[in-house]
S.K.: 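This structure is in structure tokens; I'll ask about it shortly.
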Amino acid sequence: MSDLITLTLPDGSSREVARGTTPAEVAASIGPGLAKAALAARVDGELRDLSRPILGDASLALVTVKDEAVALELARHDYAHVLAEAVQKLHPGTQITFGPSTDDGFYYDFAPVRPFTEDDLPAIEAEMRAVIARDQRLVREEWPRDRLIAHFKAHGEAFKAEWAAEMPDDEVLTIYRAGDQEDSWLDMCRGPHLPSTGKLDPNAFKLTRVSGAYWRGDQANAMLSRIYGTGWLNKKQLDAHLVQLEEAAKRDHRRIGQDMDLFHLQSEAQGSVFWHPKGYVLWRALEAYMRRRLDAGGYREVKTPQLMAARQWEQSGHWGKYRENMFVVPDEIPNTDDAAAIFSGTADLLALKPMNCPAHVLIFRQGIKSYRDLPIRMAEFGCCHRNEPHGALHGIMRVRQFTQDDAHIFCTAEQLIEEVRIFCDLLDAVYKDLGFDGYAIKLALRPDKRFGSEEMWDWSEQSLRDAVRATGRDTPEFGWEELPGEGAFYAPKLEFHLTDAIGRTWQVGTIQTDTVLPERLDASYVGEDGERHRPIMLHRAILGSFERFIGILIEHHAGKFPLWLAPVQAVVATIVSDADAYAGDVAAALTKAGLRVETDLRNEKINYKVREHSLAKVPYLIVVGRREAEEGTVALRPLGGGEQVVLPLAEAIARLAGEAVPPDLR
RNA sequence: GCCGGCUUAGCUCAGAUGGUAGAGCACCUGAUUUGUAAUCAGGGGGUCGCGGGUUCGAUUCCUGCAGCCGGCACCA
């Protein structure tokens with residue numbers, strides 16, 4: 001075997017080097033600038049440490065900060081290691097477990113002597129800077145499993161020892177040592193890493209929060225203490241990210257919901273929303289819009305019971321799989337004797353509906369359905385209750401009572417692809433109308449706990465796959481991917497993830513192919529052949545729930561809603577009290593034209609009124625003073641102070657009324 | 001449900017080694033009639049989340065509970 005190997009560089013050139021040469025050495029031979037800038041290497045496409053010898057002919061590309069995504073990933077992973085080293089120094093006895101990079105930084109899970117609090121973070125950050133300042137080399141070593149386990153056991157690292165013991169046999173186990181000393185801090189890690197901690201910018205990270213996290217993500221395991229950080233390549237990036245976080249915080253729907261008087265929550269109705277007049281106006285505009293869209297799309301709207309007997313939920317399968325998340329009440333009159341138990345404990349049980357689908361099947365089952373009736377698109381703004389765990393509740397985004405824009409399409413197997421296509425077009429139009437630019441599509445495949453045969457799942461998954469292909473949306477532009485194990489217990493589902501104004505994604509829409517429920521609830525239609533057949537049932541929603549979707553709308557628009565959705569569309573503000581009567585006339589005329597208008601006749605300066613209504617995010621301020629009153633005009637001031645115009649009242653009304661028309665009616 | 005934190009006026013927040021609380025905005029009253037992001041003056045407003053304990057005395061310390069916040073788990 002020759003002692004020389006051939007490396008092919010990205011520019012197509014090749015060079016012969018000694019077998020075992022490291023990428024770092026190659027970089028140095030090319031030039032000192034590259035040697036300094038190199039962070040890692042791609043050897044035959046595989047990302048590796050700079051110090052890892054190359055053992056055979058290969059293509060070699062050196063990774064620098066110009067390869068930002070990779071550099072960030074490496075840096076974040078290193079930050080996690082630095083965090084772990086710092087924590088173990090400051091908090092002896094803390095065990096290390098696991099610490100990956102994330103979308104904006106990193107975290108590390110520890111088994112601590114006592115759980116960390118945010119007060120611990122500043123000292124840990126300082127220690128991390130010390131680790132970075134020491135510029136410790138990160139040295140990769142391959143260790144046999146026994147040595148790893150022995151090492152971790154000897155150091156009281158039970159979690160790491162467990163992890164090492166369970167690594168697959170064919171995996172080469174490696175440790176990274178932070179420094180050259182025999183007793184330098186080390187962690188078991190697959191790597192790769194930057195050449196040394198000094199490559200990290202000590203001012204480009206920040207520890208952000210602490211939380212609990214289960215070992216290996218399993219509720220049955222120990223609760224660990226997780227420290228999160230955000231990490232970047234330089235301070236500028238970090239600062240930009242921190243500004244982003246502030247921006248997101250300003251958009252928080254809970255903050256805006258309170259400021260704009262849209263809704264409130266209180267402990268007596270935990271997880272249920274009190275919609276105030278201004279919030280409910282928005283709800284009604286959205287609901288009316290959706291109703292028109294569904295009517296036009298061939299849906300028929302229904303309304304079904306809130307409470308149904310437990311035996312109905314047993315039959316649908318919800319009772320068995322989902323009971324712990326249902327609100328259940330006994331079917332009896334509560335005992336009015338305070339000394340006795342309120343319920344006998346022997347009555348039949350009723351449950352608040354957590355979903356609308358069984359009731360829709362029950363409507364379908366009334367009378368005989370023919371293949372000529374299909375597809376049947378049955379819609380309901382269905383109010384559902386789900387007994388969510390306390391820790392899951394979040395503002396109006398995750399609640400216990402919510403209303404879905406739900407519908408079920410009963411169709412034949414042959415109609416399925418066309419129905420999915422029609423649905424995608426409808427969803428597309430709705431998201432555009434509501435001001436969103438893009439969305440991604442994912443296919444969630446069969447979960448571990450599920451109903452139905454393997455054949456059924458094979459067929460259902462493939463149908464959805466085919467249907468998306470038929471719409472041409474199975475492309476990277478739509479973020480198309482498949483998610484194993486993420487499906488519902490009765491069906492695989494297509495998920496639609498909206499992208500909002502600041503780049504966050506929200507799973508909202510869904511369509512699911514269900515053959516289980518029609519079977520369980522014995523839904524059938526008479527086919528061309530005169531025989532009974534099972535319909536396919538497509539569960540679908542575009543907004544998901546009104547509560548959550550309105551929350552998303554609030555954050556997407558930062559409360560500055562398009563005119564047709566704005567709770568208060570215009571405020572008529574006077575400059576002098578002499579214009580009060582005219583302001584009243586203006587408001588009345590606008591109201592008559594269907595606009596939501598308020599007047600501000602207060603004895604305040606116009607500056608004050610402008611400021612106040614601007615902060616209240618009112619789309620238009622209609623300013624009237626003596627001049628306007630005399631001339632029959634208004635000064636139309638858009639939110640933000642853009643081009644202001646003085647118009648005759650009739651023109652202003654026409655303009656606002658035109659702009660306030662919902663997008664589907666334009 | 002689990003880990004950590006928080007809970008003081010309508011809102012945002014100060015505060016006291018334990019002696020029953022304060023600001024700004026908002027609200028009310030008065031003056032001012034004002035031209036595009038805060039006019040001035042005065043006034044009212046609190047069971048300091050709820051329960052128990054320690055104490056002469058608790059909003060403050062301890063403890064239980066609830067809600068909320070950040071995550072974890074969950075999200076049919």
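Note on naming: letters A, B, ... go to the chains in the order of the sequence lines (proteins, then strands), and numbering restarts at 1 for each one. Small disclaimer: the values here were computed from a predicted structure and weren't measured.
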S.K.: Please state whether the phosphate of B:C75, meaning OP1 or OP2, lies under 4.0 angstrom from any side-chain nitrogen or oxygen of A:Q507.
M.R.: no
S.K.: Ignoring hydrogens and geometry beyond distance, is the side chain of A:R398 in donor-acceptor contact with the base of B:C75 at under 3.5 Å?
M.R.: yes
S.K.: Using whole Å, report how far CG of A:L601 lies from P of B:G35.
M.R.: 17 Å
S.K.: Between B:U36 and A:N607, is there an OP1 or OP2 to side-chain N/O distance shorter than 4.0 Å?
M.R.: no
S.K.: Answer with base, sugar-phosphate or nothing: what part of the nucleic acid does A:G642 contact at a heavy-atom distance below 4.0 Å?
M.R.: nothing
S.K.: Is there a side-chain polar atom (N or O) of A:H394 under 4.0 Å from OP1 or OP2 of B:C75?
M.R.: no
S.K.: Using Watson-Crick or G-U wobble geometry with both distances below 3.5 Å, tell me the partner of B:U7, or none.
M.R.: B:A66
S.K.: Please tell me if A:R626 has a side-chain N or O lying less than 4.0 Å from either OP1 or OP2 of B:U33.
M.R.: no
S.K.: Tell me the interatomic distance from A:D448, atom CG, to B:C75, atom C1', rounded to whole angstroms.
M.R.: 16 Å
S.K.: Atom NE2 of A:H613 to atom C1' of B:A26: distance rounded to whole Å?
M.R.: 14 Å
S.K.: Using a cutoff of under 3.5 Å, can you pull out all pairs of nitrogen or oxygen atoms linking the protein to nucleotides 6-12 of chain B, with atom names and distances?
M.R.:
{"from": "B:C11", "atom 1": "O3'", "to": "A:Q258", "atom 2": "OE1", "distance (Å)": "3.2"}

S.K.: For A:R311, look at atom CZ and say whether over 12 heavy atoms of other residues, nucleotides or ligands are found less than 6.0 Å away.
M.R.: no
S.K.: Does the side chain of A:Q219 get closer than 4.0 angstrom to OP1 or OP2 of B:C2 through an N or O atom?
M.R.: no
S.K.: At 4.0 Å (heavy atoms only), tell me whether A:S267 reaches a base, stays on the sugar-phosphate, or touches nothing.
M.R.: sugar-phosphate
S.K.: Around A:E454, counting heavy atoms of other residues, nucleotides and ligands shown, do more than 12 lie under 6.0 Å from its CD?
M.R.: yes
S.K.: With both distances under 3.5 angstrom, what nucleotide forms a Watson-Crick or G-U wobble pair with B:A21?
M.R.: none
S.K.: Please state how far atom CG in A:L121 lies from atom C1' in B:G71, giving the value in whole angstrom units.
M.R.: 13 Å
S.K.: Which nucleotide in the list B:U36, B:A73, B:G71 gets nearest to the side chain of A:V610?
M.R.: B:U36
S.K.: Across the strands shown, which category fits A:L265 at heavy-atom distances under 4.0 angstrom: base, sugar-phosphate, nothing?
M.R.: nothing
